[in-house]
Amino acid sequence: MLLTERTTSQDYIDLEQKYGANNYHPLDVVIHEASGCWVTDVDGKRYLDCLSAYSAVNQGHAHPKIRQAMIDQVERVTLTSRAFRNDQLGPFYETLSTLTGYPRILPMNTGAEAVETAIKLARKWGYKVKGVPDGQAEIIVCDGNFQGRTTTIISFSPEPQYRDGFGPFTPGFKLIPYGDADALEAAITPNTVAFMLEPIQGEGGVIIPPSGFLKRAAEICQRHRVLLVNDEIQTGLGRTGKLFTQDHEGVRADILILGKALSGGFYPVSAVLSSDEIMSVFKPGDHGSTFGGNPLGAAVARTALEVLVEERMIDNAAAMGEYFLEQLAEINSPLVKEVRGKGLLIGVELKPEAGGARRYCEALREGGVLCKETHVNIIRFAPPLVITRDEIDWALQRIRPVLRGGA
Ligand SMILES: *Cc1c(COP(=O)(O)O)cnc(C)c1O
């Protein structure tokens, strides 16, 4: 088949089915182009994106300023490796550090790599600074976590499917119930180096811990000399209406993990942020990445941070999130168990008798709203932070009948 013969969505779906590994179950929408909150499929149909690539396009699709920064950098130099320096990494560091107040940054590419980096950093700190006996470091993590797909990260996944067939696993992790500060304190031993969590569990189904939990966790960690490691790969960079979700409780994690929207969806850029004291345990040769800190990623990420601030996207997320959440809660369908969220990270949990969230996502796609089920019964709504009230109203007009009438 010649490329020009492929014109319909089904042609592209068939190709994916024929050649691809079968490790995803996507909705059958074949996206051809996108701008802001809107995507267009190969048949010319437009959809309002309420997933934002799992919060990687907080700044909206194809943001013109980020795109221009990418084009300009592509024309100069894209990859130097860290064997040499480049003129984009320093300015990226400066922008990220100034914005966040964290003095030290370690750039990587994907979120999972940044989580791995944070684990290595916390362990090394435990051995070199806290004095934990070699090989004994423990990290406390939470039930319901999703922090990536590498062999070490799935070693502490509570999701049987994420682990099935992939052992042996990395030891050194201890699970506690999410949101339970007493369980955290009880789980700490002299060998505990870190408590690592998502401040709201995104993939877990938009699970929000009890108010005050993060603050108490921070206080417990400090008292026991345990590092608080906060994975804000999905919840950070404005998603929940503040720069970071930890800001809602005035908490500052010892190690902060960022990814996804750090590049506005243009390029994989992640980072681990920390203090001078903690980051200084890494010496040349301890850790690295060929692409981490590359000039293209650095230029893109710096601009992605700039537009987030300049265009007041975080304030918009707070205001629009409040409106969207309130309107969704008012739908009052017998099929809906709970509507919850913070900023523009919203979960609609359906009752078991609704028959699973997937069919509702498919019905919404028919109507022009793209979202994706998480776990069996939860629909996540997480549109780009640039969404307007009119666009939310447009989405609500399509969401209401689907949630009310069934699918
Ligand atoms: C998406 C996600 C990750 C993994 O990021 P990848 O870029 O897919 O490796 C880790 N932690 C959280 C909280 C995430 O949402």
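Only heavy atoms go into these numbers, but all of them, side chains included; no hydrogens, no water, no symmetry mates. Each ligand, and each atom within it, is numbered from 1 in the order the structure gives. What you see is a predicted model; the values in this text were computed from it and never measured.
In terms of heavy atoms, V386 sits closest to Q59 at CG1-O, 3.7 Å. Considering every non-hydrogen atom in both G205 and T374, the closest pair reads CA-CG2, 3.9 Å.
Judged by a 6.0 Å distance limit and a 45° cone about the ring axis, R163 is positioned over the six-membered ring of F169.
Residue contact annotation: Y54 has no non-hydrogen atom under 4.0 Å from ligand 1.
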Given the rule in the side chain to side chain contact (heavy atoms under 4.5 Å, CB included) test, do M70 and Q73 qualify, once you have shown the distances and angles that lead to the verdict?
CA-CA 5 Å; M70 184 162 197; Q73 190 59 41; 6.0 Å; no
List the steps, then state whether side chain to side chain contact (heavy atoms under 4.5 Å, CB included) holds for N58 with M313.
CA-CA 8 Å; N58 283 0; M313 293 180 191; over 6 Å; no
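Considering backbone and side-chain atoms alike, G148 places every N or O at 3.5 Å or more from each N or O of ligand 1. An N or O contact shorter than 3.5 Å is missing between V115 and ligand 1 by distance. Of the N or O atoms in E198, none lie within a sub-3.5 Å distance of an N or O in ligand 1.
Heavy-atom proximity to atom 2 (C) of ligand 1, evaluated over E113, Q147, K260, R149, is greatest for K260.
Within a 4.0 Å radius of atom 15 (O) of ligand 1, the protein contributes one or more non-hydrogen atoms.
The nearest heavy-atom contact from the protein to atom 5 (O) of ligand 1 is G111 CA, 3.3 Å.
Under the 4.5 Å side-chain criterion, counting only non-hydrogen atoms from C-beta, L237 is in contact with L243. Looking at I139 and L227, their side chains never come closer than 4.5 Å, going by heavy atoms from C-beta outward.
Contact atoms of ligand 1 toward Q234: 15 (O) (distance under 4.0 Å to a heavy atom of the residue). Numbered from 1 in the order shown, with element, the atoms of ligand 1 that lie under 4.0 Å from a heavy atom of F146 read 2 (C), 11 (N), 12 (C), 13 (C). Atom numbering of ligand 1 starts at 1 in the shown order; those under 4.0 Å from a heavy atom of D231 are 10 (C), 11 (N), 12 (C), 13 (C). Which parts of ligand 1 touch A112 is read off a 4.0 Å heavy-atom cut-off, strictly below it: atoms 4 (C), 5 (O), 6 (P), 9 (O).
With respect to R380 and E203, a salt bridge is recorded, a charged nitrogen being found less than 4.0 Å from a carboxylate O.
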